[in-house]
Every structure is written in structure tokens, then in C-alpha cells.
Amino acid sequence: MSSNEEAQVAQRRANLDAIMALGCAPYPNQFPLRDTVSALVDAHGTVDGPALEASRIETVTAGRILSIRNFGKASFFVLSDGRSRIQVYIRQDALSEQAYALSRLLDFGDQIGVTGHLFRTRTNELSIWATDLTFLAKCFIPLPEKWHGLQDVETRYRQRYLDLIVNPDVRRVFEIRSRTVSAIREVLTGEGFLEVETPMMQPIAGGALARPFVTHHNALDMTLYLRIAPELYLKRLTVGGIERVFEINRNFRNEGISTQHNPEFTMLEFYWAYVDCERLMAFTETMLSRVAQQVVGSDEVTFGEHRISLRAPFRRLSLRHAAAEEASRRLGVTVTVDELRSLDSALALAARLGIPVPPGIGPGKVATEIFEALWEDQLIQPTFIHDFPTEVSPLSKQRPDDPDTVERFELYIGGFEVANAFSELNDPVEQRRRFEAQLADRARGDAEAHAMDEDYIRALEYGMPPAGGEGIGIDRLVMILSNSSSIRDVILFPLMRSRD
RNA sequence: GGGCCCGUAGCUCAACUGGCAGAGCAGCAGACUCUUAAUCUGUUGGUUGAAGGUUCGAUUCCUUCCGGGCUCACCA
């Protein structure tokens, strides 16, 4: 018995043996509770003591013991159902001999059923006057301390169940996440969108610029990729006549991990026939403010040191115009949008601004790099960045008045990208040309360049209606709504390096 | 992948310039029938992430490795 933990586990096993000796089942198959702890707290949390006594509310409930305060022949337990907590008052003269003996053998962390009636203690705490206890399961491993909780982030992510047991705010974040997804579904289905599920395993990983995970199907002896986006399948569905379609599901990208990136992440993508990018901006504004209202009860949220307003309208910045404007301000000279359109002048501008750009890229990519370097961390309030260069947007439709620019926007909130949307390119000839340009990038060594997808072009050859499409990063939206600074705080089991 | 930082009891944290590894909580024994970070008395518990090195002596300094955090790059 060298370590303290081993000693405590042994003690708890001995306690279970003693509980079994009392005639209690160690792992009963069910427990007929009448109320959850949350239901009791929700229904009676504001009822005063005399009213409780008068109505004499009998209950049978269950949960995990989160603390035990002992007073000789009486004790107080805090019982939790994972969401709410209620106090249980144990006294020897209210219990059978067996139930009282059981109460003395319970440990912090055990699962129990409690029978009794509600009352308020002298300190006005809503409590259950226990008349019977039922043993439900033993907690063998000592839980983290009640006051400081579990602070170690590594343990919190690896053993999320512990985090949920002892840190009540964690539950709140994932309730926000669940309500966010529900609210989005409600908005979209209310607009007549059909929810679908498209392949996660794809022979060609398309629809985004990213490196995929590779896997293999044995029976078909076939290389498959975990999808990086559902985009091309959803657009095939618009060809098939599903004019309003959406999917909320996981994407997988084989890239670095950061506070804003998990290798698997959840994305909403929706496609809407006959509308353009402009219409999507207005829709996004109303959808996000409605979602915020439903999820947190306000269209204004706290995010770190900021207050963020999700009330429409959001700020709009044209990418090259905003880049030129900010560059002018920083350099003290007039920089024109045209300087961003030719490669030589754009590269020269980046150099003057001290912005490093990767070699071998075109002017559109340089302009985008300059914009991001100058603006990204200023985009705290919701801001649509629109008018992206065609070069960096292989699936977007060009502006009728400017083929060098596409009808596309990205929405930034809290300093990072939350949404990406565009008028969908539905011209198969132009789409083939764009894919070929991407293949050229790939040949130059860009592993994230888009692959050719012949079947997708064939689908477009049947005629796809004009449509707007948008992707919203659910994890990042939940970060904003739950005031979480890391994406790992809104993903129950974020990817971690395996141990040993 | 680069830079910076962290890893000490089950949990939360100390340990000065290199000098006997400590506290609170939890646990154990005892007292206590309305407490709520209950209180009081006593007490168990350590391969200081791992392996090397420097040193009379390493939690402390150096190297490598393992795990994590922040940040940069890339993206949603």
C-alpha cells in the first residue's frame, strides 16, 4: 500500500464489502425515482419553508454524492444529478437501522437513491429529509477536491467525466452547444430547408482547401478520405432538386491543432437555390441574432474582455478596399485597390508592410494575406469580409462586373472566422478551369489545393440552379456564445496525444 | 513544425541563492442530531513526469525524451 490513492481505493472497496454485508445490492439494475434532482430544484427552489411543510412534498430521487458533512448521528449530503444540486439531511432517528448503517459507509462520489420529503433547514437550504437510502454504485477513486475543483486542463480534457462531475460550468457550455444546434435546426427547417447526411468517407476529398485524413476500405480495396467538407455532395443535391438543403456534421482536416482548430470539427453547411451571397448576409444576421436570443437570451454576449453584439446589421468590409485603406493609414501614403490586383505591386506592398508571403502565389492570395495581417485581430464585432479574389475561391461565382472578384464573404466574430459563404459557381466549364488551376497549384507542391472531381462537374453539366451556400463553424460559434477561449472547451473529447 | 512556459501526495498549491520534500482539502481514528469550504483533536500518504549529467549534496542547474498550455504559421 505505497500510495495514498491505493489506500483510499482499498478503503472504498472495504466500504462496498460492508455495504453488501448489510444486504444491499452492489450494482442494482434500476432505481424507480419519482423526480430528478433538477426537477425538484426547478419546481421548489423558490418555495419557502412554511409552504414546503404545509404541502409535505414526498419524493424519491437519485444522484451522486458531492460532499458529506458529518455531525455524529446526523449528516448532510450534497446530491447532484449532473445539472442541479440538492442537500440531503440524514438523521439516525429518521432512518431504519440498515439505511443509517448504509449512510455511514457512503463515500464522496457514490451514487445513491434518496426517499424523503422536502423542507428547508434553519439556514434556509432546500433539503430532503431522508427516510430511506438506496445504494446504487460505488465511487472507488477519490474525486478531485470540492473547493478548487479540477484545474489541470490535460486531465479535464482526457477525463471529461471528472470535469463534468466537479466543475459545474462545463455542463453549462455543453448545454449552450446543444441549444445552439437545436436553434439553428429550427431556423433552417422553418425556412423550408431539408436536413441531410452526406458521405464522411469520400474517394475525393473536396469542397475545401485542406489536407485530408486517409483511410482504406478492405473489401473494395479502395483508398478513402475522411471528408474535409460536405460541399460538393450538398451541391449535387441542389442539382437533384433539393433547393434548400443543410447538413450539420463533422469535418476532418489533417492540420495543426490550436485554440481555434481541432482535427475534427462540426460544421453547418446550407445551400439555398435562387439566392446570392447578398441574401445570405442578411439571412446570417437574422439567424445568428435569433440563435443567440434563444440560446443565451440576448443578442449581446460577453467574450473575454469584449462585449459582442450580434444584432443586425453587421459591419461589412470589402477585402481589397479595406486592405488598401489600412495599408494607406499605416504607411502614410495613398495605396490604391489596383496596387493589390497586380502581382508585382502587391508583393511590393506586402514587403513595405513587413508582411511575409509564401513564394509562388498570385496577386489575389497576396491581397488576402495583406488583409488578414492588417485586419484579422481587429474583427471582434461581427464583420462580413466580402469581395474575395477569384484566385483564392475555386468554388465561388464571379461578380458580373469584375471577373477578378467573386461573390463571397467570410464572417469574423471575436477575432476569428466563423462563417464562409458565396454565390455558388454552377458553370461546369468555368468550374473545370478552376479545378485545373488548382491542379497546377498542387503540382507546384500545394498539398491543400483542390483535386479534380469529374463527377461533380458532370453534375453541374445537368444544370445546377443559381444558389448561395454557406458554412458556419459550430464549435467557433459556440465559443462565442459560451465565452470559451479555446475550441477544446466546447468539444467534449478534444483530440489529445495518446499516453504511453 | 518554430518560440515561450508548465509537470511536486488522490485534488489545489508551497519549498529563498543547490542543503532533511511541506500545507490545505480528501482519507483514517475520535467528539458532535440544522451544517454548507462545518468545527475540534490525533494521524496515514512522495520513484518531485522519465532517463542521463554536473555536484559532497539536485524539486532546484544542464542535456535528451514524454505529456500539456500559450503563441506563430494554416484554416472553419
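The model shown is predicted, which means the values in this text are computed figures rather than measured ones.
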Next item on the list: Write down the distance between CZ (A/R91) and P (B/C34), rounded to a whole number of angstrom.
Entry: 8 Å
Notebook entry, point to check: When you measure from the side chain of A/F71, which nucleotide among B/U35, B/G67, B/C11 comes out closest?
Noted result: B/U35
Check: Once you round it to whole Å, what is the distance between P of B/A26 and NE2 of A/H148?
Finding: 12 Å
Margin query: Quick check on B/U33: is either OP1 or OP2 less than 4.0 Å from any side-chain nitrogen or oxygen of A/Q92?
Written below: no
Notebook entry, point to check: Once you round it to whole Å, what is the distance between C1' of B/C11 and CG of A/N4?
Noted result: 10 Å
Note to self: Side chain of A/Q11, heavy atoms from C-beta onward: which of B/C34, B/C11, B/C28 has the nearest atom to it?
What the structure shows: B/C28
Next item on the list: Can you tell me the distance, in whole Å, between the CG atom of A/D163 and the P atom of B/C11?
Entry: 14 Å
Check: Are A/F314 and A/F409 an aromatic pair by the rule of ring centers under 6.0 Å?
Finding: no
Check: When we call it a touch if two heavy atoms are under 4.0 Å apart, what does A/D152 touch: a base, just sugar-phosphate, or nothing?
Finding: sugar-phosphate
Next item on the list: Please say whether more than 12 non-hydrogen atoms of neighbouring residues, nucleotides or ligands are located less than 6.0 Å from CZ in A/R179.
Entry: yes
Margin query: Can you confirm whether A/F422 sits close enough to A/F388 that some side-chain heavy atom of one is under 4.5 Å from a side-chain heavy atom of the other?
Written below: no
Margin query: From CZ of A/F77 over to C1' of B/C34, roughly how many Å is that when rounded to an integer?
Written below: 15 Å
Margin query: Just the rounded figure in Å: distance from P of B/U33 to CZ of A/R122.
Written below: 12 Å
Checklist line | Spacing of the P atoms in B/G2 and B/G27 (rounded, Å) | finding: 45 Å
Next item on the list: Please name the residue in the list A/L102, A/V88, A/L106, A/T61 that meets the side chain to side chain contact (heavy atoms under 4.5 Å, CB included) test with A/I112.
Entry: A/L106
Note to self: In whole Å, measure the gap between the C1' atoms of B/C16 and B/G22 for me.
What the structure shows: 15 Å
Next item on the list: Rounded off to whole Å, could you give me the CG-to-C1' distance for the A/L66 and B/C25 pair?
Entry: 15 Å
Note to self: For B/A26, does the base pair up with any side-chain atom of A/Q8 as donor and acceptor (N or O, under 3.5 Å, distance only)?
What the structure shows: yes
Check: Please give, in whole Å, the distance from B/A38 P to A/Q87 CD?
Finding: 10 Å
Next item on the list: With heavy atoms under 4.0 Å as the rule, sort A/F119 into base, sugar-phosphate or nothing.
Entry: base
Notebook entry, point to check: Does a donor on one side chain sit under 3.5 Å from an acceptor on the other, for A/D93 and A/Y100?
Noted result: no
Note to self: Between B/U44 and B/A29, how far apart are the two C1' atoms, rounded to whole Å?
What the structure shows: 10 Å
Notebook entry, point to check: Can you tell which of B/C13, B/G27, B/G67 lies closest to the side chain of A/R158?
Noted result: B/G67
Notebook entry, point to check: Which nucleotides of nucleotides 70-76 of chain B have their base under 4.0 Å from a protein heavy atom (B), which only their sugar-phosphate (S), and which neither (-), written as one string 5' to 3'?
Noted result: SS-BBBB
Item checked: Intermediate values then yes/no, side chain to side chain donor-acceptor pair (under 3.5 Å), A/R83 and A/T36 -> CA-CA 10 Å; A/R83 181 164 84 85; A/T36 63; over 6 Å; no
Check: On RNA chain B, nearest-nucleotide positions of A/Q151 versus A/E125: which is more 5'?
Finding: A/Q151
Notebook entry, point to check: So does A/K146 get a side-chain nitrogen or oxygen closer than 4.0 Å to the phosphate oxygens (OP1/OP2) of B/A38?
Noted result: yes
Next item on the list: Apply the test salt bridge (Lys or Arg N to Asp or Glu O under 4.0 Å) to residues A/R316 and A/E278: give CA-CA distance (whole Å), side-chain angles for both, the deciding distance (0.1 Å), then the verdict.
Entry: CA-CA 11 Å; A/R316 298 184 183 197; A/E278 189 69 28; 2.8 Å; yes
Note to self: Working note: A/T198 + A/R236, criterion side chain to side chain donor-acceptor pair (under 3.5 Å); need CA distance, chi angles, decisive distance, verdict.
What the structure shows: CA-CA 10 Å; A/T198 62; A/R236 283 174 171 94; over 6 Å; no
Checklist line | Identified side chain to side chain contact (heavy atoms under 4.5 Å, CB included) partner of A/L268 from the options A/V181, A/I248, A/N249 | finding: A/I248
Item checked: Value rounded to 0.5 Å, distance of CZ in A/R172 from CZ in A/R177 -> 14.5 Å
Next item on the list: Classify the side chain of A/E154 versus the base of B/G69 as yes if they form a donor-acceptor pair under 3.5 Å and no if they do not.
Entry: no
Item checked: Centroid separation A/F283 to A/W272 less than 6.0 Å -> yes
Item checked: Dot-bracket pairing map - RNA chain B, Watson-Crick plus G-U, both contacts under 3.5 Å, | cross-strand -> (((((((..((((.....[..)))).(((((.......))))).....(((((..]....))))))))))))....
Check: Phosphate oxygens OP1/OP2 of B/A38: is one of them under 4.0 Å from a side-chain N or O of A/R69?
Finding: yes
